[in-house]
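The structure appears below as structure tokens.
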Amino acid sequence: MAEAKAYYITTPIYYVNDKPHIGHAYTTLACDVVARFMRLDGRDVMFMTGTDEHGQKVEKSAQAAGVEPLAFCDGVSQNFRDLSPLLNFSNDGFIRTTEDRHTVASQAIWRAMADNGDIYLDSYAGWYSVRDEAYYAEDELSDGANGEKLSPFGAPVEWVEEPSYFFRLSQWQDRLLAYYDEDPGRILPQSRRNEVISFVKSGLRDLSISRTSFKWGVPVPGDDAHIMYVWVDALTNYLTAVGYPDTEAEDFKTYWPADVHMVGKDILRFHAVYWPAFLMSAGLAPPERIFAHGWWTVEGQKMSKSLGNFIPPQDMVDKYGLDQTRYFMMRELPFGNDGNFSHTAMVNRMNSDLANDFGNLAQRVLSMINKNCAAAVPAPGLLTVDDSALLVPARELVDGIRAAIEEQAIHQALAALWDVVGEANRYVDAQAPWALKKTDPERMATVLYVLAEVIRHLAILAQPVVPDAAARLLDQLAVAEEQRSFATLGEAAMLQPGTALPKPQGVFPRYAGSEDDA
RNA sequence: GGCUCCUUAGCUCAGUUGGUUAGAGCACGGGAAUCAUAAUCCCGGUGUCCCCAGUUCGAGUCUGGGAGGAGCCA
């Protein structure tokens with residue numbers, strides 16, 4: 001077998017000051033779907049997520065809670081770790097920036113950048129907002145009710161003047177532009193790429209990358225008075241996870257550079273500008289791609305603290321089901337766009353697409369086999385043109401889906417899958433196996449065999465998005481656990497006539513309703 | 001203020017390098033069928049393709065201007 005190209009995909013590491021909501025779940029879910037797809041397609045996958053635990057905001061929150069920062073982080077980090085079992089995420093690891101190995105990696109990349117002449121000591125003065133973790137110019141500020149200065153996001157700011165190390169970002173403009181130029185898919189979606197390029201073209205200023213005003217972070221090597229700017233530390237997690245600074249480590253050689261950093265659009269600049277510059281400065285390869293996805297609104301409104309309309313992922317899973325929730329988030333909107341969550345849309349998706357189209361297709365076919373073919377895979381006769389018209393596209397489906405997943409167009413992959421679901425339902429009606437039962441039982445067996453094969457393909461290809469339901473479907477087709485990768489698609493591992501099948505059971509229930517429905 | 005993207009059927013969106021009667025899904029109405037999770041299948045749209053002007057034999061698709069929305073930056 002040809003050597004499978006390794007695939008490294010990451011979520012951002014989530015800031016422990018937040019509670020997980022569907023926004024976090026969404027990012028990780030998208031990565032999970034891509035990671036599962038790649039594994040099934042024979043790739044050697046590394047899928048990482050984790051938590052970002054340093055910074056002044058965390059230090060203050062811990063203080064307010066009356067606990068040590070690390071103890072505070074232990075608690076909140078666990079909330080994010082709990083997302084994996086809840087949403088069936090298949091991440092290969094979970095990294096915390098408070099781990100020792102991460103301190104080592106962060107200090108190593110700092111030294112590498114310093115050795116390259118890109119770090120110098122100067123001083124920084126400006127209006128700083130702890131809440132926003134950003135400096136502002138005088139003219140960006142507004143006056144609050146009591147005459148105090150406020151950041152553009154309404155956060156309090158304070159005048160800060162402190163010594164700071166700087167990264168010579170200004171020296172990297174041309175090399176960054178060349179890096180974007182190498183590959184039109186470097187930053188996706190396209191409009192985000194345009195924004196980044198225009199930002200870089202407008203000129204880059206050196207970046208302040210250390211603080212002396214707090215202690216909760218990674219100390220600058222050789223100067224303990226300074227703590228690394230949280231983003232230097234946070235971004236480095238992607239390296240820590242694969243063994244950096246040991247560039248001879250097996251994981252590092254296998255997985256670096258990352259194939260995709262999945263991010264929310266709010267943190268694109270850190271990933272698409274600062275991070276590649278840091279890496280190139282340190283003599284490391286920059287990532288292949290940064291994909292910035294959009295935001296969810298809820299019933300047409302932004303999620304916000306003041307509205308209190310954050311949806312905990314647990315609530316969705318409890319109310320609609322795990323696979324239904326996963327399917328909805330991946331299908332409802334073009335991946336990369338903003339989208340809206342509404343109860344109505346959710347129920348439509350789970351009833352129409354999952355229960356009526358896919359679920360019912362499987363149920364009607366498996367029931368007929370169960371009742372009319374002695375509960376075993378039927379033996380097909382010669383295939384007709386109609387049979388091939390359904391079967392061939394199903395066998396070739398993986399090619400189109402692979403192309404879509406390669407560019408994280410997950411909604412497109414699902415649309416392609418459901419095209420075949422629709423074709424299969426039409427085929428059932430056109431062939432009317434319930435009529436053949438009386439007139440031509442052999443032909444009925446062929447039709448049902450073709451359908452069973454098509455459902456096998458659909459279930460195998462649906463595994464990345466709806467892993468539980470797909471597994472139950474494959475169980476009902478008596479497909480062995482080790483016969484579920486994409487290598488079994490086509491004619492490689494066709495269903496064997498005579499194989500006994502269990503009694504079919506629906507895998508996608510319709511929405512049952514609930515008292516609190518509007 | 002500069003820049004980017006968006007504006008296509010009630011809703012969510014597709015629409016390759018400009019080319020015949022502009023598409024899909026959902027919702028809605030009618031019909032068929034009865035294997036199946038009250039599921040499936042078929043039929044049904046006179047949509048100012050945001051507006052104006054231009055290029056062209058021909059523009060939803062290109063150019064300029066304008067309106068509305070989202071975003072990046074200053």
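Convention: sequence-line order gives letters A, B, ...; per-chain numbering from 1.
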Test: A:Asp475 and A:Arg484 ion pair at under 4.0 Å: yes
Strand partner of B:A22, provided both Watson-Crick or wobble distances fall under 3.5 Å: none
Base partner of B:G47, which must satisfy Watson-Crick or wobble distances under 3.5 Å: none
For B:A27, the Watson-Crick or wobble partner whose two distances fall under 3.5 Å: none
Integer angstrom distance from the C1' of B:U17 to that of B:C62: 12 Å
Backbone N/O of A:Met494 and side chain of A:Gln496: donor-acceptor pair under 3.5 Å: yes
Sugar-phosphate, base or nothing in reach of A:Asn372, heavy atoms under 4.0 Å: nothing
Sugar-phosphate, base or nothing in reach of A:Arg510, heavy atoms under 4.0 Å: base
Nearest-angstrom distance from the residue atom CG of A:Leu204 to P of B:C72: 17 Å
Aromatic ring proximity A:Tyr274/A:Phe167, centre distance under 6.0 Å: no
Contact nearer the 5' end of RNA chain B, comparing A:Ser352 with A:Gln505: A:Ser352
Pairwise P distance, B:A32 and B:A14 [rounded to whole Å]: 37 Å
B:A33 versus B:C42 - spacing of their C1' atoms, nearest Å: 10 Å
base_contact_polar (B:A36 base, A:Asn360 side chain, donor-acceptor, <3.5 Å): yes
Partner nucleotide of B:G1 by Watson-Crick or wobble geometry (both distances under 3.5 Å): B:C73
Test: A:Arg36 and A:Asp32 ion pair at under 4.0 Å: yes
Complementary nucleotide for B:U37 - Watson-Crick or wobble, under 3.5 Å: none
Residue met sooner reading RNA chain B from 5', once A:Asp353 and A:Arg205 are mapped to nucleotides: A:Asp353
Inter-residue atom distance A:Cys31.SG - A:Met38.CE, 0.5 Å rounding: 11.5 Å
Protein proximity profile, nucleotides 1-14 of chain B - base contact B, sugar-phosphate-only contact S, no contact -, cut-off 4.0 Å on heavy atoms: ---SS------SS-
Side chain of A:Phe508 (C-beta onward), nearest among B:C41, B:U37, B:A36: B:U37
Heavy-atom pair with the smallest gap, counting every atom of A:Leu366 and A:Pro504: CB-CB, 3.6 Å
Side-chain donor or acceptor of A:Arg326 paired with backbone N/O of A:Leu29 under 3.5 Å: no
Rounded C1' spacing from B:G68 to B:G23 in Å: 26 Å
Touch class at under 4.0 angstrom, heavy-atom based, for A:Lys371 against every strand present: sugar-phosphate
Touch class at under 4.0 angstrom, heavy-atom based, for A:Val507 against every strand present: base
Options B:U37, B:A33, B:C73, nucleotide nearest the side-chain atoms of A:Trp434: B:A33
Separation between the C1' atoms of B:G18 and B:U56, rounded to whole Å: 9 Å
side-chain hydrogen bond (donor to acceptor under 3.5 Å, both in side chains) pairs, two or more places apart, involving residues 364-379 of chain A: A:Arg364-A:Asn425, A:Arg364-A:Asp429, A:Asn372-A:Lys437
